[in-house]
Amino acid sequence: MHDIRSLRDDPAAFDAGLARRGLEPRAAELLALDDARKAAIAALQQAQERRNAASKEIGAAVARKDPGAADALKAEVGAIKQAMPALEAASSAAQAALDLELAAIPNIPATDAPEGRDENDNVEVRRHGEPPRFANSFKPKEHFELGEALGLMDFETAAKLSGARFVILKGALARLERALMQFMLDLHTTEHGYTEINPPVLVRDEAMFGTAQLPKFRGDQFRAIRQLDYNEGFGSAVAESNTGGAQPFQSTKEFWLIPTAEVAMTNMVREQILDERKLPLRFTAGTLCFRAEAGAAGRDTRGMIRQHQFEKVELVSITTPEQAAEEHERMTACAEEVLKRLGLHFRTVALCAGDMGFSARKTYDIEVWLPGQNRFREISSCSVCGDFQARRMNARSKAADAKATRFVHTLNGSGVAVGRALVAVMENYQTPDGSIEVPEALRAYMGGIDRIVKAN
RNA sequence: GGAGACGUGGCCGAGAGGCUGAAGGCGGCGGUUUGCUAAACCGUUAUAGGGUUGUAAAGCCCUAUCGAGGGUUCGAAUCCCUCCGUCUCCGCCA
């Protein structure tokens with residue numbers, strides 16, 4: 001969420017930031033909305049001021065037993081009140097018009113985010129390890145070929161239960177996914193200083209607004225509706241529920257399924273004033289994530305790369321403005337460490353301004369090597385959001401000796417995507433006989449199993 | 001799911017249609033006194049928005065806010081409704 005006052009101070013800088021994302025200038029239009037809003041507020045406040053003053057005079061007139069004066073004043077207030085609803089409506093409409101626009105504009109890129117339009121302009125900043133070597137004659141398989149051949153990965157049965165973009169893992173492969181999550185959480189909590197969180201995965205509108213999934217990315221999300229009177233046949237299970245009221249945030253019976261634990265963990269500090277001596281806060285959680293993948297039709301339709309439901313270990317930091325940039329590097333290194341210990345080849349790229357997500361000021365993607373696809377695939381994305389989300393959440397901090405509060409800075413990163421890590425381990429540790437070696441770092445979590453073989 | 005109680009500033013807590021942006025206490029900040037510390041005493045201490053003066057720091061005026069949103073009223077922390085949240089008892093449940 002952008003600050004209309006700083007936009008007022010420097011509209012050119014705002015438009016320049018949007019231009020770096022490949023977007024049209026918006027400042028002039030927003031400032032016009034802001035002027036309209038201020039005019040509407042002034043008109044309303046003028047009416048309120050007179051009403052309040054007259055009402056006090058009525059009290060005084062009644063006290064000195066002057067009914068004539070009181071009645072005259074009542075008539076005046078009555079007239080003012082006639083006009084008030086229109087003024088109130090105009091004022092809140094003007095505010096809403098501005099907020100609607102501001103809430104749907106992405107964050108301004110940091111000065112050191114690379115220039116560029118799309119993924120082709122991203123900048124590789126480092127690379128670790130190298131691709132695994134296979135015998136010349138051996139063509140590495142993709143993870144779903146391996147998993148299905150092992151009898152431990154079943155997309156067909158999952159489709160019977162839930163449709164496309166779901167999977168059933170079995171036996172040692174199910175355990176491998178569990179092992180990966182445990183390993184990552186243990187690493188981040190015991191060595192990287194993150195506090196483990198087990199958050200709700202169902203959240204309300206405000207939380208989704210806070211991290212900016214709402215209002216713009218509504219269509220990418222799943223909702224959970226509590227159906228109170230479920231007796232009109234199965235069709236009603238998916239019937240559109242009626243929220244009704246004018247208040248935007250009043251539903252208790254509808255939730256959103258989190259698309260990432262970032263939503264839950266970042267919103268833990270919403271509407272709070274934090275002591276800056278306690279920053280940065282570092283949280284990690286391994287949760288299920290739910291994404292509608294709207295607009296991804298036809299992409300990654302096979303396999304586990306792009307599912308409606310997947311597991312991810314997420315990292316979130318809450319910092320002061322001064323700490324944010326360094327924390328971003330640190331967080332990215334924490335995510336990279338996961339891949340290093342798993343012995344996976346990866347590269348880290350800085351996303352260009354045109355390719356970054358909505359809330360980000362600067363983003364590093366970590367891409368892991370997948371031999372079956374013969375290419376790098378995103379497995380983690382670490383972003384600094386500045387005060388963009390903090391404004392939406394009203395999350396502030398205060399220095400020990402300061403009077404004023406200021407917005408915190410928020411960061412989030414995958415540390416890392418568990419489903420994709422499973423894919424990476426399978427493809428990188430496959431052997432010609434179709435079995436999969438278990439990386440050293442995971443063996444303790446696998447009860448000592450060092451190889452995953454075909455189920456009998 | 002049923003029944004009931006409650007939600008007031010950083011915290012505790014009064015207030016039950018106008019004199020209340022809100023008593024009192026704690027805490028914070030500034031000061032006086034004081035070998036030091038402590039104590040005592042005095043003062044001060046919400047947030048957001050709009051307007052205005054000023055280069056600025058800041059000041060002044062106004063509006064809104066007593067969980068949130070509506071309503072009644074000339075006037076609402078106070079009365080009514082809805083929602084959110086907390087607590088108690090019962091029921092159900094992993």
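Numbered from 1 within each chain, the chains take letters A, B, ... in sequence-line order. Only this structure's heavy atoms are used, side chains among them; waters, hydrogens and symmetry mates stay out.
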> Which of the following nucleotides, B:G85, B:G18, B:G49, is nearest to the side chain of A:I58?
Replying inline: B:G18
>> As a quick check of understanding, evaluate ring pair (Phe, Tyr, Trp, His ring centres under 6.0 Å) for A:H2 and A:F388, giving each step before the final call.
In response: CA-CA 7 Å; A:H2 292 286; A:F388 189 79; 5.4 Å; yes
>> Under 4.0 Å, heavy atom to any atom of RNA chain B: which of residues 44-53 of chain A qualify?
In response: A:Q45, A:Q48, A:E49, A:R51, A:N52
> How is A:R8 classified with respect to the nucleic acid when contacts are heavy atoms under 4.0 Å: base, sugar-phosphate, or nothing?
Replying inline: sugar-phosphate
> Can you tell me the Watson-Crick or wobble partner of B:C66, both distances under 3.5 angstrom?
Replying inline: none
> Heavy-atom count around A:E88 CD within 6.0 Å, excluding the residue itself: above 12?
Replying inline: yes
> Between A:F217 and A:F358, is the gap from one ring center to the other below 6.0 Å?
Replying inline: yes
> So which nucleotide does B:G43 pair with, by the Watson-Crick or G-U wobble rule with both distances under 3.5 Å?
Replying inline: B:C29
> Do other residues, nucleotides or ligands put more than 12 heavy atoms under 6.0 Å from A:Q272 CD?
Replying inline: yes
>> Quick check for you: to the nearest 0.5 Å, what is the distance between A:R26 atom CZ and A:E101 atom CD?
In response: 5.0 Å
> Hey, mind stepping through A:R341 and A:E337 against salt bridge (Lys or Arg N to Asp or Glu O under 4.0 Å) and telling me if it holds?
Replying inline: CA-CA 6 Å; A:R341 300 221 185 168; A:E337 185 63 23; 2.8 Å; yes
> Which one, B:C74, B:G50, B:G85, comes nearest to the side chain of A:R204?
Replying inline: B:G85
>> Would you measure the distance from the C1' atom in B:U82 across to the matching atom in B:C89 and give it in whole Å?
In response: 25 Å
> Hey, is the side chain of A:R37 poking within less than 4.0 Å of OP1 or OP2 on B:G49, counting only N and O atoms?
Replying inline: no
